[in-house]
Amino acid sequence: MGAIAVSVRIIETDADVAKDAIALCAMCSRLADAFTQTGQLPLRRKPDGFAELLSAIVSQQVSVASANAIWARMQEAGLTAPAPVLRAGEGGLRAAGLSRQKIRYAQELARAGIDWVALRAMPTDAVLKTLTQVPGIGTWTAEIYAMFSLGHADVFAHGDLALQEAARILYDLPERPDERAMRVIAAEWSPYRSVAARLLWAYYRVAKQREGIR
């Protein structure tokens, strides 16, 4: 198979992350101060495809421990591809630990017929539009997929509470910015918003002593 022409800049290596972090520090002294506290930022690249999004659905609104346990059962049962998910039916998915709502979402994703290879070549807006048409895939999940599974360099999870809280602390804001306000703030960090998100998650860990993202 020939190379896919990608229309967006891709974060592929730790060096890519470091380069964008340096650019962000030059743009904003507050981000530079945060970077001195966090040190090297993680690459966080993940696989792409059906299983990664199904895992994201499994993780919604449950603890990390519960999500890991359910996903382990899904993997053990071979329920990580569209055909097995559809064959398992409601009973098989319930046995793996999925709620009624997540069973529906898993089946909807399995029926969606997403071309995962074609998705790699799409611009960010098209990726988000494609994914959020599937029930159970919200904007946050789609943004995280574009950021970490596809490696898009200029995408941000504006509704993420940890990012919002990190921004509040870093910029001494009177209250945590909502999604709309976060879009305005993050626009200043383009075209490096994916690494800005990594920096704020790392800063959140420093400021709050807990992880802001799985």
Pairs of donor and acceptor atoms involving the side chains of residues 86-100, under 3.5 Å and at least two apart or interchain, shall be tabulated with distances.
unit_1 : atom_1 : unit_2 : atom_2 : d
Glu90  : OE2    : Arg94  : NH2    : 2.5
Ser99  : OG     : Lys102 : N      : 3.2

Test: salt bridge (Lys or Arg N to Asp or Glu O under 4.0 Å). Region: residues 49-74. Which pairs qualify, not counting sequence neighbours?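 Listed by first then second residue: nothing to list.
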Under 3.5 Å donor-acceptor pairs involving side-chain atoms of residues 176-186, not counting sequence neighbours:
unit_1 : atom_1 : unit_2 : atom_2 : d
Asp178 : OD1    : Arg180 : N      : 3.3
Asp178 : OD1    : Ala181 : N      : 2.8
Glu179 : OE2    : Arg183 : NH2    : 3.3
Arg183 : NH1    : His158 : ND1    : 3.3

side-chain hydrogen bond (donor to acceptor under 3.5 Å, both in side chains) involving [X] - partner list, sequence neighbours excluded:
X      : answer
Trp189 : none
Thr124 : His152
Ser190 : Asp154
Tyr204 : Arg210

Output all residues satisfying side-chain contact (heavy atoms from CB on, under 4.5 Å) with Ala51, sequence neighbours left out; order by chain, then residue number.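 Residues passing side-chain contact (heavy atoms from CB on, under 4.5 Å) with Ala51: Trp71, Thr80.
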Restricting to salt bridge (Lys or Arg N to Asp or Glu O under 4.0 Å), what partner residues turn up for Asp160, sequence neighbours left out?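 So Asp160 forms no salt bridge (Lys or Arg N to Asp or Glu O under 4.0 Å) with any residue.
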Only counting residues at least two apart or in another chain, list the ones meeting salt bridge (Lys or Arg N to Asp or Glu O under 4.0 Å) with Lys129.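 Once residues adjacent in sequence are excluded, Lys129 has no partner under the salt bridge (Lys or Arg N to Asp or Glu O under 4.0 Å) criterion.
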Quick one: CD1 on Ile137 to CG on Leu128, what's the gap to the nearest 0.5 Å?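 Between Ile137 CD1 and Leu128 CG, I get 12.0 Å after rounding to 0.5 Å.
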Could you tell me the separation between the CG atom of Leu31 and the OG1 atom of Thr38, rounded to the nearest 0.5 Å?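 The CG atom of Leu31 sits 10.0 Å away from the OG1 atom of Thr38.
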Using a 4.5 Å cut-off on heavy atoms from C-beta on, say whether the side chain of Cys28 contacts that of Tyr171.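 When only atoms from C-beta onward are counted, Cys28 and Tyr171 do touch, with a gap below 4.5 Å.
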If you look only at pairs with a residue in residues 109-150, which of them pass as a ring-ring contact (aromatic ring centres under 6.0 Å, His included), with sequence neighbours excluded?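 Matches after skipping sequence neighbours: Phe148-Trp201.
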Please answer whether the main-chain N or O of Glu12 pairs with a side-chain N or O of Asp16 as donor and acceptor at a distance below 3.5 Å.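 Present.
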Tell me whether Gln75 at atom CD has more than 12 heavy atoms from other residues, nucleotides or ligands lying less than 6.0 Å away.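 Correct, the count exceeds 12.
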Please set out all donor-acceptor pairs under 3.5 angstrom arising from side-chain atoms of residues 103-115, sequence neighbours excluded.
unit_1 : atom_1 : unit_2 : atom_2 : d
Tyr105 : OH     : Gln101 : NE2    : 3.1
Asp115 : OD1    : Val117 : N      : 3.2
Asp115 : OD1    : Ala118 : N      : 3.0

Which of these, Lys46, Arg193, Arg44, Arg198, sits in a side chain to side chain contact (heavy atoms under 4.5 Å, CB included) with Met147?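 Considering Lys46, Arg193, Arg44, Arg198, a side chain to side chain contact (heavy atoms under 4.5 Å, CB included) with Met147 is found only for Arg198.
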